[in-house]
*Asks:* 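My questions all concern the structure below.
Bear in mind the structure is a predicted one, so any value in this text is a computation, not a measurement. Both ligands and their constituent atoms are indexed starting at 1 by order of listing. One-based numbering along the sequence shown. Heavy atoms only: backbone and side chains are in, while hydrogens, waters and symmetry mates are out.
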Amino acid sequence: MNGQAFFKTSLIGEGIWSISGPANDQMYLVQGRDKALLVDTGMGVGDLAGLVRSLTSLPVLVVNTHGHPDHAGGNGGFDVVYLHPADEPIMKKMCTNEYRLNDLKAFHGDGTPAFQRMAAGLVSFREIRMLPLAQGMCFDLGGRTFEVVELPGHTPGGVCLLNEEEGLIFTGDMIVETPVWMYLKHSLPLEVYLASLRKINQRRFDTLFPGHQPTPLGRENLEDLIVCTEEILAEPGIGKLERTFAGEGLLWKHGRASIIYDPKKLGD
Ligand SMILES: [Zn+2]
């Protein structure tokens, strides 16, 4: 199978491509006048680097919104990648070939044709040059600039990429319409996540590009997430038990938002 055939690509805005991977992974490529920005490298199944080269001839800056294997798993296809230092240990542990193959097995079933196809397209983990992201850093692509905004919660080193002038923000797994996973071992207390959401809510944007679906979200998704988090903190223990391949927690919903949380990890 041609390594680029794993991806579905569509132009969803001015110079903005949605790139959907085969493992429910979602990447974006944004082009400016002088440079392009790749948001996340996905699970590392398929030739993402080759695909990106076929879409743009500009130099490409590669950023991980956080260190999870479905966002940083394809880093091995690139020479230099930006990641927040707080997520580097997570990336190093969870993006190895073995870890990603186990995730794919858990999701698709061991030995299934889907699993075998993906295992054959796996981009190998390798030590590459990692550069640190920090609050307030800017990526100037020429005519459009994206600012790094820390949004700790889902992971300690999660970041969003914000362009207030155009009202655009890439949100990784921090603001999504699928349940936000806040029950993971390395997720921060819910109060920290709420503070992050309230902080980003002060900024100007109206189009949100989330980590797991190619359709942009609106501001109301963020507002619903804030209320959803407030409701859990006001009544710890609400929701029903939800099991995923990565563990279990309590699932609570409000409007378009839902969160799976650990009732023992609400505040300090
Ligand atoms: Zn994640």
*Asks:* Check H71, H68, H66 against D40 for a side-chain hydrogen bond (donor to acceptor under 3.5 Å, both in side chains) and give me the one that passes.
*Replies:*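 Output: one option passes, namely H71.
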*Asks:* Looking at Q26, K8, H212, which hits side-chain hydrogen bond (donor to acceptor under 3.5 Å, both in side chains) with S20?
*Replies:*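 For S20, the side-chain hydrogen bond (donor to acceptor under 3.5 Å, both in side chains) check succeeds only for Q26.
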*Asks:* Are the charged groups of R144 and E165 less than 4.0 angstrom apart, N to O?
*Replies:*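 Not counted as a salt bridge, because no side-chain N and carboxylate O are separated by less than 4.0 Å.
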*Asks:* Could you tell me whether D79 and R126 make a salt bridge, using a distance below 4.0 angstrom between a side-chain N and a carboxylate O?
*Replies:*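 Answer for the salt bridge query: yes.
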*Asks:* Please report the number of protein N, O or S atoms that lie less than 2.8 Å from the Zn ion (ligand 1).
*Replies:*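 The number of such protein atoms is 4.
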*Asks:* Is the NZ atom of K35 crowded by more than 12 outside heavy atoms at less than 6.0 Å?
*Replies:*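 It does not: K35 NZ has 12 such atoms or fewer within range.
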*Asks:* Going by the rule side-chain contact (heavy atoms from CB on, under 4.5 Å), which residues pair with P263 if we only count those two or more places apart in sequence or in a different chain?
*Replies:*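 So P263 forms a side-chain contact (heavy atoms from CB on, under 4.5 Å) with L250, Y261.
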